[in-house]
Amino acid sequence: MSIAGKVALVTGASRGIGAAIAAAFGTAGARVVGTATTDEGAERIAQQFDRQGIEGAGMALDVRDGAAVNQLLEAVEQRFGAPLILVNNAGITRDNLLLRMKEDEWRDVIETNLGALYRLSKGCARAMTKARWGRIINISSVVARMGNAGQVNYAATKAGVEGFGRALARELGSRGITVNTIAPGFIDTDMTRALPEAGRAAMLERIPLGRFGAPEEIAAMAVFLAGDGGAYITGETIQINGGMYMH
Ligand SMILES: NC(=O)c1ccc[n+]([C@@H]2O[C@H](COP(=O)([O-])OP(=O)(O)OC[C@H]3O[C@@H](n4cnc5c(N)ncnc54)[C@H](OP(=O)(O)O)[C@@H]3O)[C@@H](O)[C@H]2O)c1
């Protein structure tokens, strides 16, 4: 079963990696719903889809809000049919050393990066089970395995994303649903542009391929995992980091 005609839901599709993933699925013929946190962001996604000739919609969603997730899934189902491809991409950083980290910096990151997977995957799994076909793709980070000072909250969520994926892959495998994780290294987006230049330069020195990754290089893997080529891959975490971390 190819991707063409399927409904793909991509969270955090207004910018960066999520925008590239949404565009790649649209180009592969999927009908794509991309989310942003605001109505303006959702409108910009819709305009971008129009320019790219992609069938789909932009919708507003805060992935921390369970009721909002359920409302969104109902709206998507009514308009396009239930998503059989789910990409849990939305994510944030709230960096601080543990000794200075505030409770809300901890909670915000946990709810956005990890709590969202519980809500969205649960909301989508029933229709995937019924269809006996589904693809859940979660976005982790190289820091899940590598660690990074100042990111205990973020690294904890990303390691959690990988464990979540392995457990869910075992639950859903018999229904033809695969669950995989992509762990990007340093990708050139707003998230990494916000880092101080000295930090970016130090990071670059640790990357054997000598450059930061492009969002499209993550998107290509997401499309591969959802397509026929990825049909026998499940519970896996794929590292895409230019050699920055090897294991
Ligand atoms: N960039 C990297 O080097 C890198 C490396 C490893 C992993 N990652 C992971 O890749 C994913 C995308 O990162 P990125 O660099 O593309 O980030 P980004 O450019 O900062 O974009 C973040 C996206 O998430 C959305 N978002 C933020 N909070 C949300 C919430 N509460 N509910 C719903 N959506 C929310 C944002 O929506 P708005 O536009 O409305 O704010 C935006 O679309 C994240 O999970 C990140 O952890 C990134």
Side-chain angles (χ1 to χ4, degrees), residues 9-24 32-48 58-69 71-73 86-95 104-105 107-120 123 137-148 151 153-162 164-165 181-195 199-200 203-204 206-207 211-219 221-222 237-242 244-245:
L9 173 60
V10 182
T11 64
S14 47
R15 303 183 268 135
I17 293 170
I21 291 174
V32 187
V33 175
T35 78
T37 56
T38 61
D39 289 332
E40 298 74 48
E43 182 52 36
R44 279 197 298 275
I45 293 173
Q47 288 166 1
Q48 180 69 4
M59 294 187 184
L61 175 68
D62 181 345
V63 296
R64 295 170 300 180
D65 180 345
V69 167
Q71 276 169 20
L72 175 113
L73 289 174
L86 168 65
V87 185
N88 285 308
N89 165 79
I92 57 166
T93 53
R94 293 277 184 273
D95 296 354
D104 65 313
E105 292 171 329
R107 280 189 198 286
D108 250 14
V109 173
I110 300 286
E111 284 309 321
T112 307
N113 296 6
L114 185 58
L117 269 62
Y118 160 77
R119 293 181 274 277
L120 280 143
I137 298 165
N138 301 319
I139 307 298
S140 169
S141 164
V142 67
V143 306
R145 295 205 188 160
M146 212 175 74
N148 196 18
Q151 290 199 310
N153 50 0
Y154 185 76
T157 61
K158 295 307 190 181
V161 164
E162 295 179 12
F164 178 100
T181 304
I182 301 173
F186 202 107
I187 310 300
D188 193 19
T189 69
D190 291 348
M191 185 178 272
T192 47
R193 278 177 218 133
L195 297 170
R200 286 170 60 94
M203 202 63 86
L204 194 55
R206 296 164 65 181
I207 303 173
R211 63 176 178 84
F212 299 141
E216 292 72 22
E217 291 170 313
I218 306 303
M221 177 54 69
T237 297
I238 317 275
Q239 306 285 336
I240 306 181
N241 58 44
M244 179 178 159
Y245 177 76

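Counting starts at 1 for both ligands and their atoms, following the listed order.
- When non-hydrogen atoms are compared, ligand 1 lies under 4.0 Å from neither the backbone nor the side chain of Val142.
- The proximity of Phe212 to ligand 1, defined as any non-hydrogen pair under 4.0 Å, does not occur for either the backbone or the side chain.
- For atom 7 (C) of ligand 1, the choice among Gly213, Ser140, Gly91 with the nearest heavy atom turns out to be Ser140.
- Nearest to atom 4 (C) of ligand 1 among the protein's heavy atoms is Gly185 O, 3.9 Å.
- Residue Tyr245 qualifies as enclosed at atom OH: its count of foreign heavy atoms under 6.0 Å is above 12.
- With Leu9 as reference, Val33 is the one residue of Val32, Asn88, Val33, Asn89 to meet the side-chain contact (heavy atoms from CB on, under 4.5 Å) rule.
- For atom 27 (C) of ligand 1, the choice among Ile92, Thr192, Ile139 with the nearest heavy atom turns out to be Ile92.
- Protein heavy atom closest to atom 18 (P) of ligand 1, with residue, atom name and distance, is Arg15 NH1, 3.9 Å.
- The N/O atoms of Ile17, backbone and side chain alike, include one that comes under 3.5 Å of an N/O atom in ligand 1.
- The environment of Arg193 atom CZ is dense: over 12 non-hydrogen atoms of other residues, nucleotides or ligands sit within 6.0 angstrom.
- Where the criterion is an N or O separation shorter than 3.5 Å, residue side chain and backbone included, Asn89 meets it with respect to ligand 1.
- For Arg200 (side chain) and Thr192 (main-chain N/O), a donor-acceptor pair under 3.5 Å exists by modelled atom type.
- Residue contacts with ligand 1, taken as heavy atom pairs separated by less than 4.0 Å, involve Ile187 via backbone and side-chain atoms alike.
- Near Ala36, meaning under 4.0 Å from any of its heavy atoms, are these atoms of ligand 1: 40 (O).
- Nearest to atom 42 (C) of ligand 1 among the protein's heavy atoms is Ser14 OG, 3.5 Å.
- Two residues are said to be in side-chain contact when any heavy atoms from C-beta on lie closer than 4.5 Å; Arg145 and Thr237 meet this criterion.
- The single protein non-hydrogen atom nearest to atom 26 (N) of ligand 1 is Thr37 CG2, 3.9 Å, given as residue, atom name and distance.
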